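Below: one structure in structure tokens.
Everything numeric in this text was worked out from a predicted model, so none of it was measured.
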Amino acid sequence: MTTTPIEAVVEDPDLVGGASHVLRGSAWILTSVAIQSVGQVVFWLVAAKLYTTATVGDSSALFTIALFVNYVSGMGLVVAVARYGVVPDSSSSLFTFALVYTTITSALATLAFFALVSTPETSLLKPWSSPWGLALFAGIVAGTSVAALADVCFMAARRWSAVFVRVTAVAAVRLALLAFRPLDDSAVWLFSIGAIPPAVSGAVSLLLLPSLAGVRYRLVPRPSQLGEAWRFATVNWLATLQSQIALFLVPIIVFTNVSAEVNAGFFLAWSATSFVFALPAAIAQVLLVESSRSRSRKGPRDALRLGLSLSLIAFAFSFLIGPVASRFFGRDYAEAGHLLPLLLAGCIPWSFTSVRLTQARLRSDNPGTVVITFALGLTIIVPSLLLAPEHGTVGVGVPWLGGNLVAAAVAAVVNRRRAGSGPPVAAEGRSRTCAATGT
């Protein structure tokens with residue numbers, strides 16, 4: 001399959017078949033996120049029936065560590081590629097720069113984590129402390145980052161089905177591997193089959209990007225907007241650290257303050273929450289890609305309505321799903337049923353915040369971006385650190401809801417103050433691909 005030459009692309013930048021590209025892309029990406037997240041939840045639910053509660057708790061702690069290292073080493077590259085990946089003369093070399101950079105930062109973040117983690121938490125990490133173990137762990141982190149970068153390129157090329165196929169394959173492989181147990185009741189094995197397939201899918205995506213998205217792996221010519229993209233990435237890396245710190249740090253706060261059995265129940269509820277939290281974030285990602293190509297004002301309204309609707313539906317269902325799940329999996333998982341409505345309530349204001357945050361990024365409103373994300377991270381993490389030792393999982397659930405409400409209020413104020421600054425500036429070029437074809 002060849003990539004459509006830039007000159008041959010003639011299209012309405014805002015609409016396709018009467019629907020905005022934000023809605024069309026969101027439909028694909030939301031379906032992909034749903035499969036990815038539901039697949040992960042089902043994976044852990046099946047694991048909960050096959051393994052002891054303590055093993056599930058320990059392996060989910062390892063999984064949380066891998067996600068945290070991946071999150072810290074992201075460097076804002078995903079949003080930078082999403083913002084500037086539609087610019088024809090920069091996209092291929094920009095993506096290649098990002099690919100090299102994320103591999104290096106993944107390795108450094110892995111080494112730093114294993115060097116700095118405190119002694120009481122190292123028992124689970126001992127199998128990974130050898131040179132081969134460190135290399136494999138770094139490869140898991142890097143592969144997961146590459147998969148996210150590749151997804152953005154597929155989205156910029158409007159090859160949304162490629163993202164769908166990737167996450168579906170990962171979900172299927174994970175579930176299939178649960179049938180094999182070469183290590184009896186091993187948290188390391190359960191972590192491996194949960195974490196390695198997504199990383200491998202990143203490597204496979206690299207093979208498909210040239211034909212599906214027109215990517216050419218090259219470092220020259222130097223991207224014309226490399227400096228601007230890197231400044232944007234740095235600001236948004238700091239912003240992403242703040243906006244998503246709760247998503248990755250809250251599970252660590254929990255498993256360091258509760259037993260493995262309690263952590264297993266919390267992790268199931270948190271997995272469902274992460275799924276719902278990811279829906280508005282995915283919609284915002286599509287909005288960022290499409291609004292970098294077009295100045296349409298329709299996109300933010302569509303994104304906001306869709307995100308709010310999905311979050312409200314999930315919150316309503318949580319009152320039914322939680323009790324059923326706790327009864328089905330036993331008393332050890334009762335905590336998940338009680339906690340789920342509180343956690344999902346926090347996703348409702350987040351659906352508003354995510355759109356306003358994307359609008360700030362499109363305006364290059366770096367102070368506004370930092371203020372919104374700082375409010376979100378600070379108002380969740382600080383109370384969680386103070387309350388979790390005494391109140392356990394409820395001590396992070398209440399700050400999660402409160403912090404998201406505060407961040408939504410701050411985002412509304414920031415957006416109102418900047419509303420008169422004009423429409424977001426679209427990136428130059430109308431390419432359907434992530435790469436310059438050069439034809």
Listing request: all side chain to side chain donor-acceptor pair (under 3.5 Å) pairs with a residue in residues 267-282, at least two apart in sequence or in separate chains.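 Those involving residues 267-282 do not exist here.
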Quick check: closest heavy atoms across Ala66 and Val141, and the distance to 0.1 Å?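 Distance-wise, the nearest heavy atoms are O-CG2, 4.2 Å.
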Donor-acceptor pair, Arg159 side chain versus Cys153 backbone, under 3.5 Å? no
Side-chain (Tyr217) to main-chain (Leu206) donor-acceptor, under 3.5 angstrom: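 Yes; at least one donor-acceptor contact below 3.5 Å.
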Nearest non-hydrogen partners of Ala187 and Asp58, listed with the distance: CB-CB, 3.8 Å
Separation between CG (Leu279) and CZ (Phe277), nearest 0.5 Å, reads 11.0 Å
Of all residues at least two apart in sequence or in a different chain, which pass the side-chain contact (heavy atoms from CB on, under 4.5 Å) check with Ser259?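 With sequence neighbours excluded, Ser259 shows a side-chain contact (heavy atoms from CB on, under 4.5 Å) to Glu261, Val262, given in chain and number order.
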Determine the interplanar angle of the Phe191 and Phe137 rings, folded into 0 to 90°, and report it as parallel if under 30°, tilted if 30 to 60°, perpendicular if over 60°.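 Ring orientation of Phe191 relative to Phe137: parallel.
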Taking every non-hydrogen atom, the tightest pair across Ile380 and Gly403: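 Heavy atoms of Ile380 and Gly403 come nearest at CG1-CA, 3.6 Å.
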Mind checking whether Ile252 and Phe255 have side chains closer than 4.5 Å, heavy atoms only? yes
Does a side-chain heavy-atom distance below 4.5 Å link Tyr51 with Leu190?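 Yes - at least one pair of side-chain heavy atoms lies under 4.5 Å apart.
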Go through the side-chain N and O atoms of Ser106 and Thr103 and say whether any donor and acceptor fall under 3.5 Å apart. no
Please confirm whether the backbone N or O of Val69 pairs with a side-chain atom of Ser73, one donor and one acceptor, at under 3.5 Å?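 Answer holds: yes.
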Run the side-chain donor-acceptor check on residues 196-203: report pairs under 3.5 Å with partners two or more places apart or on a different chain.
residue	atom	partner	partner atom	Å
Ser201	OG	Arg166	NH1	2.8
Ser201	OG	Pro198	O	2.5

Between CD1 of Ile140 and OG of Ser192, what distance do you get to the nearest 0.5 Å? 6.0 Å
I want to check something: taking the side chain as every heavy atom from C-beta on, are Asp365 and Arg361 in contact at a cut-off of under 4.5 Å? no
How many angstroms lie between atom CZ of Phe266 and atom CD1 of Ile253, to the nearest 0.5 angstrom?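 The CZ atom of Phe266 sits 9.0 Å away from the CD1 atom of Ile253.
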Indicate the atoms forming the closest heavy-atom contact of Val258 with Gly392, along with that distance.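 So the minimum-distance heavy-atom pair works out to CG1-CA, 4.3 Å.
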With a 4.5 Å heavy-atom cut-off, do Pro280 and Cys347 have their side chains touching?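 No - every pair of side-chain heavy atoms lies 4.5 Å or more apart.
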Quick one: are Leu376 and Thr373 in side-chain contact, heavy atoms under 4.5 Å? no
What about Trp44 and Phe63, are their ring centers closer than 6.0 Å?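 Yes, close enough.
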Test of understanding: with side chain to side chain donor-acceptor pair (under 3.5 Å), list the residues that count as partners of Asn404, not counting sequence neighbours. none
May I have all residue pairs that pass salt bridge (charged side-chain N to carboxylate O under 4.0 Å, His left out) and include part of residues 337-354, sequence neighbours excluded?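 Applying salt bridge (charged side-chain N to carboxylate O under 4.0 Å, His left out) to every pair that reaches into residues 337-354, excluding sequence neighbours, yields nothing.
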Once ring-ring contact (aromatic ring centres under 6.0 Å, His included) is applied, do any residues pair with Phe352, and if so which ones, sequence neighbours excluded?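 By the ring-ring contact (aromatic ring centres under 6.0 Å, His included) rule, Phe352 matches no residue at all.
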Looking at every heavy atom in both Gly194 and Arg174, which two are closest together, and how far apart are they? O-NH2, 2.5 Å
Leu344 backbone acceptor or donor facing Trp400 side chain under 3.5 Å: no
Measuring from atom CD1 of Ile381 to atom CG of Leu249, what distance do you get when rounded to the nearest 0.5 angstrom?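 Rounded to the nearest 0.5 Å, the CD1-CG separation comes out at 4.5 Å.
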Could you tell me whether a side-chain N or O of Arg356 sits under 3.5 Å from a main-chain N or O of Ala412, the two making a donor and an acceptor? no
Contacts of Phe43 that satisfy ring-ring contact (aromatic ring centres under 6.0 Å, His included) - sequence neighbours left out: none
Who are the side-chain contact (heavy atoms from CB on, under 4.5 Å) partners of Ala345, not counting sequence neighbours?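 Partners of Ala345 under the side-chain contact (heavy atoms from CB on, under 4.5 Å) test: Phe315, Leu401.
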Any donor-acceptor pair under 3.5 Å from Thr379 side chain to Ala375 backbone: yes
Report the residues that fulfil ring-ring contact (aromatic ring centres under 6.0 Å, His included) with Phe275, sequence neighbours left out, ordered by chain and then residue number.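 Result, ring-ring contact (aromatic ring centres under 6.0 Å, His included) vs Phe275: none returned.
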Between Ala269 and Leu340, which heavy-atom pair has the shortest distance, and what is it? O-CD1, 3.7 Å
Could you pull out all residues at least two apart from Leu308 that satisfy side-chain contact (heavy atoms from CB on, under 4.5 Å)? Leu304, Ile348, Ser351
Restricting to side chain to side chain donor-acceptor pair (under 3.5 Å), what partner residues turn up for Ser60, sequence neighbours left out?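 By the side chain to side chain donor-acceptor pair (under 3.5 Å) rule, Ser60 matches Asn263.
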Can you confirm if the aromatic rings of Trp160 and Phe154 lie within a centre distance of less than 6.0 Å? no
Just wondering, do Pro383 and Val398 contact through their side chains at under 4.5 Å, heavy atoms?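 With C-beta onward as the side chain, the pair stays apart.
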Taking Thr102 for its side chain and Leu99 for its backbone only, find out whether a donor-acceptor pair lies under 3.5 Å. no
Report the distance from atom CD1 of Ile283 to atom CZ of Arg305, rounding to the nearest 0.5 Å.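 It is 13.0 Å, given to the nearest 0.5 Å.
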Restricting to side-chain contact (heavy atoms from CB on, under 4.5 Å), what partner residues turn up for Leu111, sequence neighbours left out?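 Testing Leu111 for side-chain contact (heavy atoms from CB on, under 4.5 Å), a comparison that skips the adjacent residues, returns Leu134.
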Distance check, rounded to the nearest 0.5 Å: Asp151 atom CG versus Ser205 atom OG?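 Asp151 CG to Ser205 OG: 6.0 Å, rounded to 0.5 Å.
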